[in-house]
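Note that these values count all heavy atoms, side chains included, but never hydrogens, waters or copies made by symmetry. As the structure is a prediction and not an experimental result, all values here were calculated from the model.
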Amino acid sequence: MENIREGLIPTVLGTAVTTTGMVLRNNRSISPLISSSIIGFGLAHIVLGAIDLVEHRR
């Protein structure tokens with residue numbers, strides 16, 4: 001686990017959550033509010049992970 005850069009895990013997790021939210025957006029049995037919330041949660045993880053990746057470049 002030492003070789004994994006800080007911020008990479010939240011970025012990958014955010015990508016997976018955002019993709020899940022986009023898939024759920026096409027599902028009519030899921031409320032649009034819920035799918036949009038999941039997308040926002042994933043995008044927040046991507047942004048925070050990217051900030052960590054930029055801060056800890058070494």
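- Side-chain heavy atoms closer than 4.5 Å link hydrophobic residues (I, L, V, M, F, W, Y) into clusters, and following such links, possibly through other members, connects Ile38 to Ile30.
- Summarising the geometry, atom OG belonging to Ser31 is positioned 11.5 Å from atom CZ belonging to Arg25; distances are rounded to the nearest 0.5 Å.
- In terms of heavy atoms, Leu53 sits closest to Leu8 at CD2-N, 3.9 Å.
- Val23 places none of its side-chain heavy atoms less than 4.5 Å from the side chain of Asn27.
- Thr11 contributes atom OG1, which lies 10.5 Å from atom CD of Glu6 (distance to the nearest 0.5 angstrom).
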Show me the side-chain donor-acceptor pairs of residues 41-49 shorter than 3.5 Å, one per line, residues at least two apart or across chains.
residue: His45; atom: ND1; partner: Phe41; partner atom: O; Å: 3.1

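- Rounded to the nearest 0.5 Å, atoms OG1 (Thr20) and CG (Leu24) are 6.5 Å apart.
- Side chain of Ser35 to main chain of Pro32: a donor-acceptor pair is present (N/O by atom type, distance under 3.5 Å, no hydrogens or angles).
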